[in-house]
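Only one structure is covered here, and it is reproduced in the block below.
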Amino acid sequence: MSTTLLPPHRLSRRGFIKGSAALGIGTAALGLAPAWANPWGQTSSYPKGVESGPDISLAIRRQSVPIAGQSARPITLNGTSPGPLIRLKEGQDVTLRVTNLLDEPTSIHWHGILLPPEMDGVPGVSFAGIMPGETFNYRFPLRQSGTYWYHSHSGLQEQIGHVGPLVIDAEQREPFRYDREHVLLLTDWSFEDPSTIFHNLKTGEGYYNFQERTLGDFIADVDRQGLASTWEARAMWGRMRMSSRDIADVTGATYTYLLNGHSPNDNWTALFRPGETQRLRVINGSAMSYFDVRIPGLEMTVVAADGQPVRPVPVEEFRIGVAETYDVLVTPKDDVAYTIFAESMDRSGFARGTLAPRMGMVAPLPERRRIADRGMEAMGAHEGMDHGSMAGMDHGSMAGMDHGSMAGMDHSNMGGIDHGSMTGMDHSSMAGMDHAQMDSTESATGTAMLPVGVAQPSSRLDQPGIGLDARERRVLVYQDLKAIAPWPDRRPPGRELELHLTGNMERYMWSFDGKKFSEVSGPIHFDKGERLRLILVNRTMMEHPIHLHGMWMELENGAGELIPRKHTLNVKPGERLSALITADAEGSWAFHCHLLYHMDAGMFRVVKVA
């Protein structure tokens with residue numbers, strides 16, 4: 001396949017990008033290669049424009065722009081929402097000047113980038129934030145390459161458009177070849193104010209869930225699995241005061257799912273020539289939504305995860321958690337259009353685009369799938385278990401825990417916290433709660449928790465997750481991911497740190513080890529240079545994308561020396577997984593669930609490396 005670059009157009013880069021973006025086309029439409037093209041592949045335009053390094057200026061403001069055919073006022077970066085593609089190169093020393101034209105503090109976190117802590121962009125942890133009218137200069141060296149993204153770490157600004165893609169071109173040839181690339185940024189947009197969404201979540205369990213079970217569902221289940229089994233399952237969920245369809249906290253009831261800022265009706269189009277290999281850089285920059293991505297009629301080959309190359313994995317579909325990125329290769333051979341289909345995990349909506357040889361072409365949408373029901377596998381349980389002992393459980397009691405006063409975190413106002421003087425945590429004194437064992441009903445923190453006594457969380461790295469069936473099509477699972485080569489630090493871990501993911505759906509409290517961020521006494525301590533094993537145990541009935549700033553997490557997925565590096569780990573309900581960490585980044589770093597409202601409701605910690 002060819003990697004020859006064609007001559008640039010006579011128009012200026014900025015003028016051409018703006019003109020083509022207005023028409024919804026990229027440079028590939030005219031067979032052009034812009035000056036910022038990847039040297040190893042011909043690159044198509046990202047529709048919101050491109051800012052190339054190493055010296056970039058960004059202006060952040062609120063502006064009126066149309067979204068999904070309606071007038072909206074998102075946060076924009078250099079006039080667009082989502083923000084422009086920032087394109088940098090490995091080995092550069094970059095300067096990104098960010099000017100805040102909002103009437104509130106803001107920030108930018110460069111997600112997945114290894115950099116000095118004061119450049120990481122988390123107010124109250126590593127810097128004070130960017131005040132209205134101020135300019136902050138982010139300066140750091142680039143010692144990595146791949147597909148990443150950037151977003152605000154102030155308040156709930158991510159939800160209103162303060163996100164954008166980030167690509168770092170490699171110094172050396174990558175271990176795969178392609179002819180053209182497209183950036184696919186997935187986001188979830190709501191015309192409701194984020195504070196209203198948060199209030200609704202805290203005051204009404206299942207507020208956005210309009211896909212509860214019906215009599216028809218019950219009859220269908222009876223036909224499929226028999227009356228006794230169906231009745232037992234329904235009674236179990238009733239006793240737990242839970243819904244088997246609590247798949248997503250915020251749904252298509254308020255969200256419009258966007259691809260590169262475009263709604264499904266916009267038919268955003270990525271162009272190809274038949275026979276060319278396309279690199280699709282898929283980024284989940286949403287606030288709360290998981291997506292299942294497929295291109296009916298095309299096989300995809302996964303070649304990178306969270307910016308790091310992996311051994312090629314052929315798939316027909318993959319689930320992408322919030323904040324994850326996957327790079328896939330596709331080679332359409334026919335002169336036809338294909339639908340890029342990103343369906344929300346709860347099946348309440350979808351983002352959509354078209355991969356086509358010419359503008360104006362449209363491919364059919366695949367048949368929509370119904371919402372799935374959570375089963376015992378979400379509790380780490382197995383078929384044949386005796387669930388009869390659950391009848392006396394009262395998951396409504398809260399064992400004296402008062403989370404009602406939680407008003408939501410504002411990360412832009414964390415500057416008064418003295419993280420430098422924080423002392424180590426003592427989880428053994430958690431007001432009588434033993435989350436390591438979870439062996440009494442009093443220790444459960446509410447209806448989002450696993451039923452006590454049902455099962456212990458276990459590895460589920462070979463499972464694609466709820467609503468995906470590996471018997472229907474090849475679906476990516478974490479167990480498939482293998483690094484290209486072993487990572488430099490091959491020392492065994494010197495110690496283990498186990499953290500439990502905990503929560504209360506009724507009161508919308510989310511936490512680590514039963515304590516939300518405002519209740520902890522200090523940071524989690526890593527010793528500089530140590531090698532440790534982080535064990536994450538999900539005691540809740542929800543997925544959690546867990547993100548560690550400043551360091552890689554090497555997912556222990558059975559790949560031996562080829563375990564993959566990730567910056568974000570999706571932990572399924574009832575799952576226990578582990579990752580190896582080399583604590584080589586001195587300073588204070590954020591560690592949190594990347595579901596925006598979970599983070600603001602307390603699932604946030606600080607890791608201090610010293």
Between Glu158 and Val163, the two heavy atoms sitting closest are O-CG1, 4.0 Å
Closest non-hydrogen atoms of Ile320 and Val282, given as atom of the first, atom of the second and distance, are CD1-O, 3.7 Å
Looking only at heavy atoms, the pair that brings Leu142 and Lys89 closest together is CD1-O, 3.5 Å
**Asked** Quick one: do the Thr354 and Asn267 side chains pair a donor with an acceptor below 3.5 Å?
**Response** yes
To the nearest 0.5 Å, atom CZ of Arg281 lies from atom NE2 of His182 at 12.0 Å
Less than 4.0 Å between a side-chain N and a carboxylate O, is that true for Lys566 and Glu324? yes
dist Arg368:CZ -> Phe341:CZ (nearest 0.5 Å) comes out at 5.0 Å
Problem - pair Lys48-Asn260: side-chain heavy atoms closer than 4.5 Å - result: no
Distance col, row Arg62:CZ vs Arg73:CZ, nearest 0.5 angstrom, shows 6.0 Å
field: Check: His151 and His109 side chains under 4.5 Å, non-hydrogen atoms
entry: yes
In short, Lys572 meets Glu543 closest at the heavy-atom pair CA-CG, 4.2 Å
CG of Leu595 to CG of Asp600, rounded to nearest 0.5 Å, is 11.5 Å
From the list Leu88, Val94, Ile168, side-chain contact (heavy atoms from CB on, under 4.5 Å) with Ile113 holds only for Ile168
Distance col, row His598:NE2 vs Ser511:OG, nearest 0.5 angstrom, shows 11.0 Å
Would Phe136 and Tyr138 satisfy ring pair (Phe, Tyr, Trp, His ring centres under 6.0 Å), going step by step from the backbone distance to the final call? CA-CA 6 Å; Phe136 183 84; Tyr138 289 91; 4.8 Å; yes
dist Ser289:OG -> Asp249:CG (nearest 0.5 Å) comes out at 10.0 Å
